[in-house]
There are 2 protein chains.
Amino acid sequence: MPNPPAVPSTPGLELQRGEAASGGLSSPAFSPLYRQIKGLIIQRLQAGAWKAGEAIPSEMELAASFGVSQGTVRKAIDELAAENLLVRRQGKGTFVATHAEQKQQYRFLRLMPDEDQEPGLGRQLLDCRRQRAPAWIARQLQMRAGDAMVEVRRLLHSKGRPVVLDDIWLPGSLFKGLTTELLNQHRGPFYGLFESEFGVQMIRAQEKIRAVAADAETAALLQVEVGAPLLSVERLSFTYGDRPVELRRGLYNTSTHFYRNDLN
Amino acid sequence: MPNPPAVPSTPGLELQRGEAASGGLSSPAFSPLYRQIKGLIIQRLQAGAWKAGEAIPSEMELAASFGVSQGTVRKAIDELAAENLLVRRQGKGTFVATHAEQKQQYRFLRLMPDEDQEPGLGRQLLDCRRQRAPAWIARQLQMRAGDAMVEVRRLLHSKGRPVVLDDIWLPGSLFKGLTTELLNQHRGPFYGLFESEFGVQMIRAQEKIRAVAADAETAALLQVEVGAPLLSVERLSFTYGDRPVELRRGLYNTSTHFYRNDLN
DNA sequence: GAGTGGTCTAGACCACCAC
DNA sequence: TGGTGGTCTAGACCACTCA
């Protein structure tokens, strides 16, 4: 007997099940059960119900609490896993994705070394200061011009030679205790620190890539000629709910490395 | 009663079902039924059983012919649809993906106009000739140096100004009748022509992106200064079975356009 | 109305992991 | 041994398309 009236076992949880004998015109924007479940799970992630790296309840538990079958929960989790919000591990459970404990650090960095180069990049923090956001940054981070903002500048090295110059801009309201010391103490990618210290998880990002000529300052920092061609990678990163929380502009010296992209 | 011994209704089709009472050590590289089905469907695509844009048999038909349930076929098709090899259309059927009848042409081109620019690019064929493959191209296309190769050169324009200079290299053996006339007659993306005229479908691609300085020849063609920074996009495209069948190097003028990439 | 993909359920069994 | 995710089945019903 499919689709019994279903008393939700968690009160306050209202899932919109398919109309039984309505007029036929189904309400606009009705989504299938598994998508509603998916949305509820995202809400809980956003609310911080489970931290990065932690296990979420088992499929059976979730199914019981939502009052649906395991298969429906499974399909919701399938999509979340496909979007890299969750990670499934057979026999163990389903976990909140994290940037911290990843095998290859730098989940979003697409820079690869040429064949003869060694992988791995060293970091050098140049600067970390609090500023007022200029208009073009504020617009992209959905803040007001003049709002508090943290600006970080750093270099990435390969075999002692600078390869990447990053400028990173963050909303000051979300990253209150971010200091040079904290950044220097920390091992691993920044995004791991953002998760553990500030509870901000980067879920997806958009990059705009251009070729630009090095100006005097960047030429000195990257040890290239003024006017040398550099890859400009402008990245806007988002948390849950498509909220932009980081703007980053990287200048890559692509003489010994390249940006790799896979198209499907 | 799950997993009955199952007499395959199509002779010659041997699916490896899970061991019933074997020693416990399952054979190496056993894959679930739906993956085997997926592999069989890919084989048929590769063999040209269905052309680009055509419908494949319904899920019920496939399930019957493979001797499995509809759900198993469905999961196989789900993955193929996620990889953009197939396209599902509710109420109509499942179709072989094609570059020809796509809404936004240029499925693999990630170049976007800046806000104030109009979308859409005009094409101008510069050259199409048959050559012997140099070593560095032959290696990537898995051919031998000196093998027959087709070389195409073209420009893409936006509002009358050149934006992209493409060099395209193709194995001569696969593209025998490719001529300047054929390319000029054809409307829509090259990949549509490759499908319809040569039965070659581009499934996925890898791009290596760098910033380079314009040399004299490209500067003239793209109407920029010599030494101006350009985006170099080297794309290797693959058909079924991960066979590389096209190498392309695009030089993009990114002063009014940018390369867009989404990270998950 | 017949046929297609899309959703949802219920139940069985398997593979992997930890205790 | 029990719990987790992973696979497979069978059947019901829904939503969409087209003749």
Side-chain angles (χ1 to χ4, degrees), chain A residues 1-6 8 15-38 54-64 66-82 86-96, chain B residues 1-6 8 15-38 54-64 66-82 86-96:
Chain A
M1 51 197 80
N3 280 356
L15 296 177
Q16 308 273 6
R17 297 188 110 92
E19 324 284 63
S22 82
L25 233 181
S26 58
S27 307
F30 254 160
S31 59
L33 261 185
Y34 75 89
R35 275 199 193 284
Q36 301 179 48
I37 306 279
K38 180 184 171 188
E54 285 183 2
I56 71 171
S58 74
E59 295 178 353
M60 288 305 252
E61 286 178 285
L62 288 170
F66 288 133
V68 301
S69 78
Q70 187 198 13
T72 302
V73 170
R74 169 161 276 273
K75 189 150 186 184
I77 294 180
D78 277 345
E79 289 201 356
L80 291 167
L86 297 177
V87 177
R88 322 188 77 137
R89 282 184 224 151
Q90 185 174 108
K92 300 180 74 174
T94 302
F95 300 79
V96 182
Chain B
M1 50 198 81
N3 280 356
L15 297 176
Q16 308 272 6
R17 297 187 109 92
E19 324 284 60
S22 80
L25 230 181
S26 59
S27 307
F30 253 164
S31 58
L33 262 185
Y34 75 89
R35 275 199 192 284
Q36 300 177 49
I37 306 278
K38 181 184 172 187
E54 285 183 2
I56 71 171
S58 74
E59 295 178 352
M60 287 304 247
E61 285 178 287
L62 288 170
F66 289 133
V68 301
S69 79
Q70 188 197 10
T72 301
V73 169
R74 170 161 274 272
K75 189 151 187 184
I77 294 180
D78 277 345
E79 290 201 354
L80 292 167
L86 297 178
V87 177
R88 323 187 77 138
R89 283 185 222 150
Q90 185 175 103
K92 300 180 74 173
T94 302
F95 300 79
V96 181

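To find a chain, count down the sequence lines: A is the first, B the second, and so on, and within it residues start at 1.
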For A:Tyr34 and D:dC13, give me the distance from atom OH to atom C1', rounded to whole Å. 16 Å

For nucleotides 16-19 of chain D, give me every protein contact, N/O to N/O, under 3.5 Å, one pair per line with atom names.
| unit_1 | atom_1 | unit_2 | atom_2 | d |
| --- | --- | --- | --- | --- |
| D:dC16 | O4' | B:Gln90 | OE1 | 2.8 |
| D:dC18 | OP1 | B:Lys92 | NZ | 3.3 |

Dot-bracket assigned to DNA chain C with the 3.5 Å Watson-Crick/G-U criterion, [ ] for crossing and | for other-strand pairs, is ||||||||||||||||||.

For the backbone of B:Ser31 and the side chain of B:Gln36, can you confirm whether one donor and one acceptor N or O come within less than 3.5 Å of each other? yes

How close or far is atom C1' of D:dA15 from atom CG of A:Leu33, stated in whole angstroms? 15 Å

Please give, in whole Å, the distance from D:dG6 C1' to A:Glu59 CD? 9 Å

OP1 or OP2 of D:dG3 sitting under 4.0 Å from any side-chain N/O of A:Ser58? no

Grab the CD1-C1' distance between A:Ile37 and C:dT7 for me, whole Å please. 13 Å

Would you kindly give the CZ-to-C1' distance between A:Arg88 and C:dC16, to the nearest whole Å? 14 Å

Identify the heavy atoms of B:Val73 and B:Phe66 that sit nearest to each other, and give their distance. CG2-CD1, 4.3 Å

Straight-line distance of A:Gln70 CD to A:Met60 CE, nearest 0.5 Å: 5.0 Å

Of the residues in residues 69-82 of chain B, which ones touch DNA chain D at a heavy-atom distance under 4.0 Å? B:Ser69, B:Thr72, B:Lys75

Value rounded to 0.5 Å, distance of CG in A:Leu62 from OG1 in A:Thr94: 8.0 Å

Rounded interatomic separation in angstrom, taking CZ from B:Arg89 and C1' from D:dA15: 17 Å

All side-chain contact (heavy atoms from CB on, under 4.5 Å) counterparts of A:Glu61, not counting sequence neighbours: A:Pro57, A:Ser58

Partners of A:Arg88 by salt bridge (charged side-chain N to carboxylate O under 4.0 Å, His left out), sequence neighbours excluded? A:Glu59, A:Asp78

With sequence neighbours excluded, what pairs up with A:Lys38 under the side chain to side chain donor-acceptor pair (under 3.5 Å) test? A:Glu79, A:Glu83

B:Gln90: what forms a side-chain contact (heavy atoms from CB on, under 4.5 Å) with it, not counting sequence neighbours? none

To the nearest Å, give me how far apart CE (B:Met60) and P (C:dA2) are. 15 Å

The side chain of B:Glu61 lies closest to which of these nucleotides: C:dT4, C:dC8, D:dT7? C:dT4

Please report the interatomic distance CD1(B:Ile56) to CG(B:Leu86), rounded to the nearest 0.5 Å. 5.0 Å

